[in-house]
Q: 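So that we are looking at the same thing, I have put the structure below in structure tokens.
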Amino acid sequence: MAAPSPHDRSRKDEDEDDPVEQMISRTGCAELHYAVQECMAEHQDWRTCKSQVQTFKDCMMNFQIARKEQLMKQQRQQQPTSTQSVPS
């Protein structure tokens, strides 16, 4: 019996427990990740898939930049607004 393809996204029961799949799904870059996987499965040579890899990388970088900006904004909002001096 042949093992199921790791690139078969119809195996939802197994993919739902995969933390990497969950993380990538939250970035909005999942389809680009799947495109890289499919290209690699088809060509077996990452050099053939440079375009897909670069597109996925750009998507992930944009997500990281947006997430960093969001976290910095939240930190600024949580800081006290008044700067009171403490008597010495």
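What's counted below: heavy atoms across the whole structure, side chains too, no hydrogens, waters or symmetry copies.
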Q: From D45 CG over to M40 CE, what is the distance, rounded to the nearest 0.5 angstrom?
A: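 The distance works out to 7.0 Å.
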Q: Judged by modelled atom types alone, do D18 and Q22 share a side-chain donor-acceptor pair under 3.5 Å?
A: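 Q22 and D18 do not have a side-chain donor-acceptor pair below 3.5 Å.
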Q: Determine whether more than 12 heavy atoms belonging to other residues, nucleotides or ligands lie under 6.0 Å from atom CE of M23.
A: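 Atom CE in M23 is packed in, count exceeds 12.
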Q: Is there a continuous path of hydrophobic side-chain contacts, each under 4.5 Å between heavy atoms, that joins F63 to V20?
A: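 Per the 4.5 Å side-chain linkage, F63 and V20 are not co-clustered.
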Q: Does a side chain donor of either Q70 or R67 reach within less than 3.5 Å of an acceptor in the other side chain?
A: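 Their side chains do contain a donor-acceptor pair, which is all the 3.5 Å distance test asks for.
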Q: Can you tell if the side chain of Q52 reaches within under 4.5 Å of the side chain of L32, non-hydrogen atoms only?
A: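 Result no, sub-4.5 Å side-chain heavy-atom pair not found.
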Q: Quick one: which of Q75, Q77, E69 gives a side-chain contact (heavy atoms from CB on, under 4.5 Å) with K73?
A: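 Among the candidates, only Q77 passes.
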Q: How long is the straight-line distance from CD of Q64 back to SG of C29, given to the nearest 0.5 Å?
A: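 Rounded to the nearest 0.5 Å, the SG-CD separation comes out at 9.0 Å.
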Q: Does the side chain of E21 come within less than 4.5 Å of H33's, by heavy atoms?
A: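 In short, these two side chains touch, coming nearer than 4.5 Å.
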Q: Got a second to check how far Q44's CD is from C49's SG, nearest 0.5 Å?
A: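 Between atom CD of Q44 and atom SG of C49 there are 9.0 Å.
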Q: Would you indicate whether the side-chain heavy atoms of Q74 and L71 approach each other to under 4.5 Å?
A: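 Heavy-atom side-chain distance check passes, below 4.5 Å.
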Q: Calculate, to the nearest 0.5 Å, the distance between atoms OG and CD belonging to S25 and E31 respectively.
A: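 Atom-to-atom, S25:OG and E31:CD are 9.0 Å apart.
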Q: Rounded to the nearest 0.5 Å, how far apart are CD1 of I24 and CD of Q37?
A: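 If I round to the nearest 0.5 Å, the distance is 7.0 Å.
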